[in-house]
Amino acid sequence: MKVTPIIGLEVHVELRTQSKMFCSCSATHFHVEANTNTCPVCLGLPGALPVPNSTACEWCIKLGIALGCTPNLTSFFERKNYFYPDLAKGYQLTQFEKPFVVNGKLVIDGQEIRINRAHMEEDTGKSIHLTTSGQDLTLIDYNRCGVPLVEIVSEPDITSAQMAKNYLLKIQQIIRYLGISDADIEKGSMRCEPTINLKIETDDGQTVYTPLAEIKNVASLTGVQIAIDFELNRQLEEFKQTGETKSKTNKTTRGWDADKNQTFLQREKEGSSDYRYFPEPDIPYINFTQAEIDAIKASIPELPDQKIEKYKTVYGLSDYDAQTITADFSFANIYESIIIDYIYKNKVNDLTKIVGKSLKDLVGFTDSAKVKDFAKFTANLFLGAIKTHLNETGEDLDQSKINSQFFFDLFTAVSNSEISATVAKQVIIESYQTGEHPVEIAKSKGLIQVSDSGEIEKIATEVITNNPKAVEDYKKNPMSIGFLIGQLMKASRGSANPVIAKNILEKLLK
Amino acid sequence: MDYSTLSIPQIRQLLLGKKATATEITQFFLAKIKLIDPQIKAFITITEKEALGKAAEIDKKIANNETIGKLAGSIMAVKDIFLTKDIETTASSQVLKGYIPQYSSTVYQKLLDQDAIIIGKTNTDPFAFGGSTENSGFFTTKNPWNLDMIPGGSSGGSAAATAANLCHFALGTDTGGSIRQPASLCGVSGLKPTYGLNSRFGITAMASSFDCPGVFARSVDDIATVTQITAGHDKNDATSTHQTIPDYSSLLDSVNLKGLKIGLPKEYFTQAINPEVKAKVLEAAKVLESKGAILKEVSLPSTNLGLAVYYILVPSEISANMSRYEGIRFGQTSPDGSNIISYYMNVRGQFMEPEVKRRIIIGTYALSSGYYDAYYTKAAKVRTLIKQEFESVLADVDVILAPVSPTSAWKIGEKCSNPLEMYLADAYTVCINVAGVPSLALPCGFNSNNLPIGFQLIGNFFEESKIMSIGHQYQQITDYHLQQPKL
Amino acid sequence: MSSTKITLETLDHIAKLARIKLSDHEKEVFLPQLESVIEYFDVLNSVNTDNILPTFRVIEESSPLREDIVGESFSQKLALSSTKNTQDGYFVVTNTIKK
């Protein structure tokens with residue numbers, strides 16, 4: 001029996017617009033007192049009418065294009081009719097027949113995942129269920145009602161829980177690059193609902209499919225992965241027991257219990273499947289000209305995959321380094337602004353920061369070997385010293401404290417062996433904090449690398465004298481010279497050129 | 001002085017000339033309403049406090065030599081589906097009994113801003129669902145011309161109040177004839193403008209792609225004055241027009257009746273129309289002909305399909321627009337219900353009037369899976385045909401003249417047990433809403449029982465100034481609009 | 001021709017979809033009324049609408065979009081003012097089933 005997982009993902013992204021989707025109430029709903037950002041429109045009062053948010057629509061198209069989708073020049077909203085207290089109007093404004101964008105794709109782990117569509121809709125309010133004096137109550141807060149959501153629907157091309165997680169990570173990264181949402185799964189600004197079933201090829205040559213299950217309320221990325229794995233397993237077991245196969249009517253909705261790490265069958269929402277979609281009469285067709293679409297496309301910054309490719313090809317970074325730097329959009333851009341400045345240094349007198357240059361504009365521009373050396377050098381500082389410092393302080397990288405010239409000069413000093421790599425790491429952090437030139441800091445602290453053989457020989461002689469046991473160890477095992485080098489570096493307060501130090505020690509210990 | 005027979009500009013002149021105060025005028029109307037309204041029951045709420053408050057405001061402005069609004073001193077009655085902030089708005093339904101809105105409709109606010117004085121909220125069929133005002137969740141309004149007769153609907157209260165001179169003008173809405181039909185049955189003038197001319201924001205929605213707020217008055221001139229204020233783009237209504245609004249009042253004499261081509265659609269003059277109604281409507285056409293207009297028979301072949309299109313699309317939109325009425329954030333509520341589904345079913349079942357329920361059910365059915373293509377999509381396609389027919393005929397003639405109602409007013413209770421019969425009475429009005437074009441209803445005579453008869457002038461999109469000019473000139477030559485019921 | 005007879009079962013289903021409770025008496029009265037209205041719709045079956053696009057809105061003017069600027073909202077008090085069923089700033093519905 002051959003079992004192939006079939007997974008599709010529905011992702012809802014809350015856009016960080018100022019105002020809601022169909023009214024001008026503030027779209028902020030976190031840590032806001034209940035029902036303080038409402039108006040006739042989002043409260044669904046009699047006579048209220050929706051007016052769509054232009055930025056939200058543009059961002060939906062922007063995201064769609066970034067996912068490789070094709071925009072529909074004309075699209076429209078529809079009413080999805082169902083009853084629930086947190087849905088003020090008794091229908092949700094969404095898109096069905098003609099969404100803003102269609103037919104995109106993402107490549108995840110070498111697999112092409114097709115994206116059916118991305119469309120705009122509005123969020124519902126929040127319901128809090130509690131029991132007071134034996135009575136079940138639901139408290140409703142409409143602050144979130146009407147907040148813009150983009151729904152991204154993939155085709156069921158995902159074949160493992162790990163791939164699903166990576167798909168979600170990539171979408172999250174792209175969304176953050178575009179700056180249109182925090183895409184925070186824990187906070188609920190990005191929600192994922194997998195739909196899962198199995199393709200089973202039995203030993204006697206038959207191919208069958210298990211019934212579809214949609215899983216709701218998974219509140220973390222790890223949770224999604226675990227939930228999918230659990231469900232894949234559960235479906236296989238159930239199939240072995242019941243042999244039930246997929247039909248038009250046996251799709252189920254399952255909830256995720258994060259404590260027990262299992263999915264469970266949710267109560268069927270009676271009559272909920274007939275949403276009676278029809279075009280929204282209160283909002284005319286939304287038309288975008290090709291020029292407007294082009295402008296939206298032009299506003300898309302270089303996306304993660306393109307950046308990674310550039311970092312590896314033009315800057316010569318390792319795959320790991322490239323992935324790590326590009327994980328965060330602004331971190332990558334600040335790093336890159338230094339490299340761009342370096343590349344243009346000889347061409348442009350004022351160091352105009354040109355961030356996000358495309359791959360084709362950079363290749364062959366100037367001495368690429370030198371660029372690679374500098375890029376690698378700077379990457380090491382960013383990933384080593386700077387990232388560590390930021391982790392310790394919990395801060396984000398502050399662009400105003402980064403001075404490209406400082407990095408150029410530091411690179412020159414290290415290349416000339418005036419400053420060791422170790423010292424470079426120290427002084428760049430101090431420079432970031434104080435604003436002083438890192439080479440000056442090194443000088444003032446006497447950390448300029450000593451490459452003068454004479455100087456080093458003096459210190460080496462002292463180290464040999466003070467460490468007889470280590471000398472003996474060395475004589476027995478030349479590989480143990482590391483200790484003596486370390487002592488020499490310590491004695492020189494890190495300023496000795498370690499290569500020369502080693503040579504001199506070896507020479508002296510012959 | 002009888003302030004109720006004056007025009008809107010005349011009232012304003014009185015104030016400016018200090019011949020009367022706004023307070024005096026208001027008190028006059030309040031007294032008249034107290035005397036007459038118990039007979040006709042046009043009003044659900046009489047807004048005495050607000051009226052006198054506004055009047056005092058206006059009088060203060062005059063005393064301080066400040067500018068007063070263009071409608072200063074004019075008394076308006078407002079159909080109870082227009083939300084009026086801080087004033088109970090019931091939509092004539094038990095669902096909203098006691099509802100005090102937190103905001104006002106744009107059209108109403110525009111009129112307040114021009115110093116119109118609201119005298120009361122008028123009765124209607126609940127949520128405007130009906131053609132006789134008999135479906136009201138509170139009581140039936142009587143036709144001022146004969147108290148045993150219906151005033152028409154759904155804006156029956158506004159039409160009756162205007163006919164009885166209990167206001168200078170009244171607000172209504174026309175989704176399938178709900179301004180034009182009661183106007184004609186009550187012998188007053190009423191304008192259904194082009195869809196999108198007046199903002200729908202703040203009016204309980206019936207059918208979103210059909211609803212047109214509009215005005216009743218005794219003269220076209222006053223309708224023009226008021227429409228000037230209400231018309232135009234509202235940022236709160238994405239379907240409201242961006243067109244520049246012409247100065248309707250200054251264009252009342254602009255159309256040259258000589259050589260004006262008037263189309264008489266043959267489908268509107270069949271056996272179905274009462275002979276007396278037909279005679280009076282044709283007479284109106286003849287009056288215009290006597291001034292040089294050219295009458296021409298035209299054809300709107302899809303007329304007989306209009307009712308089916310209307311009664312599929314309108315209830316469909318109604319069914320969704322009514323979903324917000326569940327007693328959670330506003331409206332009457334009921335604590336019963338063992339779970340959320342029965343909560344909804346009980347609240348809506350308990351307070352919604354039969355006609356409200358009927359239309360929601362018809363609409364839900366038409367949109368439900370399995371029927372959507374056969375009904376909703378099909379009706380929407382036929383809508384295209386009907387719209388194209390009007391555009392094509394109106395490219396050929398300058399205006400279309402037609403009857404409004406196949407009969408004059410009928411007896412209260414006569415048709416209410418047969419909804420289909422009621423729906424069929426809309427035959428001459430619904431196609432205009434299906435197409436979205438404007439139409440002006442004008443009184444053109446009386447039948448042998450002294451019941452009013454009206455006709456309509458139908459123009460192309462945004463041709464309000466044209467039809468109002470023809471109507472204005474018709475009213476210069478005739479005096480049906482000046483007749484008053486004896487109350 | 002098609003007979004669109006509405007059964008009681010259909011009416012029950014539609015009433016539930018629409019969340020409106022109908023008494024037995026109402027169902028008795030409504031059923032024939034609804035049937036006559038819906039049968040009337042069949043007049044459209046004879047119309048040829050091949051190649052006709054549906055009209056969902058009669059006026060199509062451009063740019064229904066709104067700039068992303070925050071405007072005024074109701075105060076909490078105003079938002080809750082039209083109902084008595086409130087608690088600590090929330091709207092309250094009783095007797096609901098937990099989701």
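Numbers restart at 1 for each chain; the letters A, B, ... are given by sequence-line order, proteins then strands.
Checked by atom type, the side-chain pair B:Thr106/B:Asp234 shows a donor-acceptor distance below 3.5 Å.
Ranking A:Val41, A:Leu87, A:Leu45, A:Leu43 against chain B, the residue ahead of the rest is A:Leu45, based on heavy-atom pairs under 4.5 Å. Chain B forms more heavy-atom pairs under 4.5 Å with one residue of A:Gly47, A:Gly44, A:Pro284 than with any other, namely A:Gly47. With respect to chain A, the highest number of heavy-atom pairs below 4.5 Å among B:Asp211, B:Asn321, B:Thr364, B:Leu96 belongs to B:Asn321. For the options B:Ala91, B:Gly331, B:Ser369, B:Ser209, heavy-atom pairs under 4.5 Å to chain A are most numerous at B:Ser369. Among the candidates B:Gly202, B:Ala205, B:Ala320, the residue making the largest number of heavy-atom pairs closer than 4.5 Å to chain A is B:Ala320.
Heavy atoms closer than 4.5 Å to chain B are found in the side chain of A:Ile140, but not in its backbone. Contact annotation for B:Phe210: neither backbone nor side-chain heavy atoms come within less than 4.5 Å of a heavy atom of chain A. If you measure heavy-atom distances from B:Tyr99 to chain A, the contacts under 4.5 Å come from the side chain alone. Heavy atoms closer than 4.5 Å to chain A are found in the side chain of B:Glu326, but not in its backbone. Heavy atoms of B:Ser105 lying under 4.5 Å from chain A are absent altogether. Interface residue B:Ile203: only backbone heavy atoms are found under 4.5 Å from chain A. Residue B:Arg200 touches chain A through both its backbone and its side chain, counting heavy-atom pairs closer than 4.5 Å. Only the side chain of A:Tyr142 comes within contact range of chain B, judged by heavy atoms closer than 4.5 Å. Interface residue B:Tyr103: only side-chain heavy atoms are found under 4.5 Å from chain A. Proximity to chain A is limited to the backbone of B:Asn236, based on heavy atoms less than 4.5 angstrom apart.
Here A:Tyr275 and A:Phe96 keep their ring centres 6.0 angstrom or further from each other. A:Tyr91 has its ring centre no less than 6.0 Å from the ring centre of A:Tyr82. For an aromatic pair to be called close, the ring centres must be under 6.0 Å apart, and B:Tyr371 with B:Tyr365 satisfies this.
A donor-acceptor pair is defined here as one N or O able to donate and one able to accept, closer than 3.5 Å; no such pair exists between the side chain of A:Asn53 and the backbone of A:Phe22. Although no hydrogens or angles enter the test, the distance criterion places no donor-acceptor pair under 3.5 Å between the side chain of A:Asn37 and the main chain of A:Cys25. Judged by distance alone, the side chain of A:Asn116 and the main-chain N or O of A:Glu155 form no donor-acceptor pair under 3.5 Å.
Here A:Glu122 pairs with A:Lys89 in a salt bridge; the nearest charged N to carboxylate O distance falls below 4.0 Å. Of the charged side-chain nitrogens involved, at least one lies within less than 4.0 Å of a carboxylate oxygen, so that A:Lys251 and A:Glu214 count as a salt-bridged pair. At a threshold of 4.0 Å, the pair B:Asp125-B:Lys79 does not count as salt-bridged, since none of the basic side-chain nitrogens sits closer than that to a carboxylate oxygen.
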